[in-house]
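For reference, the structure discussed in these notes is given below.
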Amino acid sequence: KQEVTQIPAALSVPEGENLVLNCSFTDSAIYNLQWFRQDPGKGLTSLLLIQSSQREQTSGRLNASLDKSSGRSTLYIAASQPGDSATYLCAVHMNRDDKIIFGKGTRLHILP
Amino acid sequence: NAGVTQTPKFRVLKTGQSMTLLCAQDMNHEYMYWYRQDPGMGLRLIHYSVGEGTTAKGEVPDGYNVSRLKKQNFLLGLESAAPSQTSVYFCASTFTSAGLPHFGNGTRLTVT
């Protein structure tokens, strides 16, 4: 059974700092891994999608890496801003049964 | 293009009542998913479908049923609602296993 774990559960950092969010998964038989952002009371916004054959993806100040063999992904946010405050979720698409399994998220607060 | 549309946006039920949540997508996506989100729990997969006429159980299927009679629609049914089913429900769809999931805006359900 796939388990997706996100550490830390919550994080507060001063504005301007670079930060790393972590995601780990127990079953490496995945098509891809995705990172999402969710603002309070809102839906999910897709940030980055990494296919299983890829090592990283970048979009603006965001960089996501994937090490499938060790079951880990990181989301790097450069020069954090108060507008980055949100919950960040990672999810894996299983190639065995096509389930998409989410972690519980990291609640990020950027201090002005 | 509407993307993924969930109906209704809000609903209050009494214990024992039944209802159906509708997810509709206009992107010709093969895969569709139903999730529930509870505080601190991330998104948990209820049921999903990999094509018209197919359904499969996710992580928390008990108390729910689904149908995918038309490719564009994925229905989630609660036959006898319980307070434990109070949650926010999200629907998602994706074209292929390598594709980026698109999410609806959620349905907030309260069972009293």
Side-chain angles (χ1 to χ4, degrees), chain A residues 1-10 21-27 29-54 57 59 64 66 68 86-107, chain B residues 2-7 9-10 23 25 27 29-52 54-61 66 68 74 87-110:
Chain A
K1 177 181 175 238
Q2 177 72 276
E3 292 187 6
V4 180
T5 303
Q6 292 189 245
I7 295 174
L21 307 180
N22 297 293
C23 173
S24 62
F25 47 96
T26 54
D27 186 344
I30 64 172
Y31 282 125
N32 56 53
L33 182 144
Q34 302 132 64
W35 283 94
F36 296 88
R37 168 189 174 133
Q38 186 177 33
D39 294 292
K42 303 294 185 183
L44 278 73
T45 300
S46 176
L47 297 174
L48 290 163
L49 170 72
I50 313 175
Q51 302 295 347
S52 62
S53 58
Q54 298 174 324
Q57 284 285 337
S59 176
L66 174 64
K68 197 177 80 155
T87 295
Y88 290 79
L89 296 154
C90 71
V92 295
H93 190 142
M94 305 296 300
N95 64 19
R96 183 173 299 112
D97 54 16
D98 278 310
K99 291 178 180 175
I100 300 177
I101 305 296
F102 279 79
K104 294 182 180 181
T106 294
R107 196 168 58 253
Chain B
V4 178
T5 303
Q6 291 185 230
T7 311
K9 291 183 171 54
F10 303 93
C23 177
Q25 52 91 7
M27 297 171 284
H29 283 177
E30 290 291 335
Y31 301 74
M32 297 187 76
Y33 300 82
W34 273 110
Y35 293 89
R36 60 178 289 174
Q37 186 174 35
D38 304 294
M41 295 296 292
L43 274 74
R44 291 184 292 171
L45 182 63
I46 305 172
H47 286 282
Y48 66 109
S49 169
V50 298
E52 180 179 318
T54 74
T55 62
K57 293 181 180 180
E59 302 168 284
V60 289
V66 287
R68 184 101 182 266
F74 195 29
S87 189
V88 179
Y89 292 84
F90 286 99
C91 174
S93 71
T94 182
F95 186 61
T96 68
S97 55
L100 192 67
H102 295 248
F103 279 81
N105 290 330
T107 294
R108 188 173 296 276
L109 175 66
T110 302

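Chain A is the first sequence line, chain B the second, and so forth, proteins listed ahead of strands; every chain is numbered from 1.
- Taken from OH in B:Y48 to CD1 in A:I100, the straight-line distance is 10.0 Å, to the nearest 0.5 Å.
- The distance from the NZ atom of A:K104 to the CG atom of B:L43 is 12.5 Å, given to the nearest 0.5 Å.
- In this structure, chain B has no heavy atom under 4.5 Å from any part of A:N95.
- Closest approach of A:N32 to B:G99, counting heavy atoms only: ND2-O, 4.2 Å.
- Within the model, atoms CG of A:L44 and CD of B:Q37 stand 6.5 Å from one another, a figure rounded to the nearest 0.5 Å.
- The residue among A:L89, A:T87, A:L49 with the most heavy atom pairs within less than 4.5 Å of chain B is A:L49.
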(request) For A:Q38 and B:F90, run side-chain contact (heavy atoms from CB on, under 4.5 Å): C-alpha distance rounded to whole Å, both residues' side-chain angles, the deciding distance at 0.1 Å, then the answer. (result) CA-CA 12 Å; A:Q38 186 177 33; B:F90 286 99; 3.7 Å; yes
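- In this structure, CG in A:D98 is found 5.0 Å from OH in B:Y33, a value given to the nearest 0.5 Å.
- For residues 3-10 of chain A, an interface with chain B (any heavy-atom pair closer than 4.5 Å) does not exist.
- For a residue to count as touching a neighbouring chain, one of its non-hydrogen atoms must lie under 4.5 Å from one of that chain's; by this rule B:L45 touches chain A with the side chain only.
- Chain A forms more heavy-atom pairs under 4.5 Å with one residue of B:R44, B:M41, B:R108, B:H102 than with any other, namely B:M41.
- Top candidate by heavy-atom pairs under 4.5 Å with chain B, chosen from A:G103, A:S46, A:S52, A:A91, is A:S46.
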